[in-house]
Amino acid sequence: MAKNATTKFRVASSAYLCCMIRVGIIGGGQLGMMTIEAKYPSLPVEFTVLEQSTDCPAAPIANHFIQGNLKNAEDIRSLANHSDVITWEIEHIDVDALVQLEKEGKTIIPRPSVLQIIQDKGIQKQFFAQHDIPTAPFTLCSAEEITPELLSQFPGDTVVIKTRKGGYDGKGVTILSKSDALNNNPFSGDVLIESFVPNALEIAVIVAIAQDGDFAVYPAIEMYFNPQSNLVEFLFSPARIAKELEQKIQTIGRQCVQKLNSPGLFAVELFLTENQEIWVNEIAPRPHNSGHHTIEGSHCSQFEQFLRILTGAPLGDPSLIHPSAMINIVGPADLSGDYQLANEANITQNGDVFIHMYRKSETRPNRKLGHATVIAPTLEALLVRAEEVKKQLMIVAKSY
Ligand code: ADP
């Protein structure tokens with residue numbers, strides 16, 4: 001069995017997969033779409049997608065589609081009736097329905113207990129604390145309890161306030177001064193207050209845990225976020241950190257995921273602080289934006305790895321084939337409606353840029369519409385080329 005990121009892995013064959021495995025995916029977004037696209041010929045698998053909108057990225061390529069509400073227990077049960085194994089590509093779903101289905105013997109990967117921890121950023125931070133996983137100091141309270149005394153326990157003038165449930169892609173995360181937190185408090189309900197980590201290097205690792213407990217950890221990824229939207233804009237791998245530090249990050253990532261006690265594919269987002277401390281920010285229990293570059297960049301992409309986990313196939317090789325970067329293609333702030341990617345033929349003509357559009361019918365301000373992967377023989381060349389490509393990628397109104 002493979003036990004670290006550098007070991008070569010067995011190639012999957014149909015020998016251990018003799019019958020069709022029906023995978024049910026809760027959510028029909030781009031993560032579901034790219035999971036379905038990762039199916040390889042010797043893997044006997046078919047997909048059913050549950051999603052509210054028939055006009056979602058995964059619907060056109062799923063074998064079966066169930067139109068329904070991701071928070072409705074009956075709709076999740078009808079997906080279960082069509083599936084041997086169920087997973088999700090979005091966290092904001094009815095976890096109680098999954099807990100009940102698991103009790104009835106349904107295979108759900110990751111286990112619903114993972115979602116119970118991760119759906120609530122407060123419970124997730126408590127999980128880190130209970131398991132001695134290093135993380136930014138925090139407190140949990142209600143918005144009305146934000147007082148000068150409470151904020152004085154955090155260093156500096158800036159704090160981070162996060163809504164505990166329902167946030168995604170930076171929505172629900174506010175970085176603000178203590179005086180704004182007190183005088184212009186825009187929050188309601190239960191919140192998580194966290195130390196602001198200044199000048200952090202944002203790193204992620206993808207961790208794969210197979211059904212038999214085997215694991216694989218991908219090389220570290222260096223990520224850059226849009227300061228306004230807190231949305232990841234650009235990332236690349238390998239990260240510009242020493243090998244020993246990368247191994248330490250991979251170990252922390254693996255150990256915290258293993259504490260969840262579940263198979264699955266997980267992205268662990270971490271801060272590398274100014275003092276070179278490693279603090280886990282959060283875990284995403286599914287394929288993640290920080291692993292999109294693995295489609296062209298790694299021997300086994302995060303999506304193929306996810307399929308291997310769901311179907312019980314051996315894990316694939318997570319190592320990089322070549323340095324790779326990912327640039328999110330996001331709708332501009334001033335455009336809604338029909339759109340197109342400008343210059344696509346020019347951008348891809350050298351064969352080192354791969355465009356993935358997500359089949360979203362309309363753009364909206366800051367909507368993720370696709371991503372581009374850039375590959376290069378060296379990290380230095382990659383960073384130069386990625387800067388060129390960033391300038392060329394542009395979403396414009398559709399011309400007819
Ligand atoms: P989401 O779950 O919506 O992605 P995160 O908790 O990952 O939210 O926060 C989004 C981004 O906000 C982070 O990647 C980082 O850029 C910034 N951020 C979040 N927490 C902190 C923090 N404690 N200190 C500094 N920046 C932070």
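Remember, it's 1-based here, ligands and their atoms both numbered in the order they're listed. Here the structure is a predicted model, which is why all the values come from computation and not from measurement.
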For ligand 1, which part of V160 has a heavy atom less than 4.0 Å away: the side chain, the backbone, both, or neither? side chain

Sorted by chain and number, sequence neighbours left out, side chain to side chain contact (heavy atoms under 4.5 Å, CB included) with S152 holds for none

Heavy atom of G172 under 4.0 Å from ligand 1? no

Which segment of P198 sits under 4.0 Å of ligand 1 when only heavy atoms are counted: neither

Which ligand 1 atoms, with their elements, are less than 4.0 angstrom from a heavy-atom of F196? 24 (N), 25 (C)

Between I221, V257, V268, V217, which is the residue that forms a side-chain contact (heavy atoms from CB on, under 4.5 Å) with I206? I221

Write out the residue and atom name of the closest protein heavy atom to atom 21 (C) of ligand 1, then the distance separating them to 0.1 Å. F271 CZ, 3.5 Å

With backbone taken as N, CA, C and O and side chain as the heavy atoms from C-beta onward, which portion of N281 lies under 4.0 Å from ligand 1: side chain, backbone, both, or neither? side chain

For E202, the ligand 1 atoms whose distance to one of its heavy atoms is below 4.0 Å: 13 (C), 14 (O), 15 (C), 16 (O)

Looking just at side-chain N and O atoms, do Q30 and K360 make a donor-acceptor pair shorter than 3.5 Å? yes

Not counting sequence neighbours, which residues clear side chain to side chain contact (heavy atoms under 4.5 Å, CB included) with S78? List them please. I66

Which part of M223 is near ligand 1, with near meaning a heavy atom under 4.0 Å away: side chain, backbone, both or neither? neither

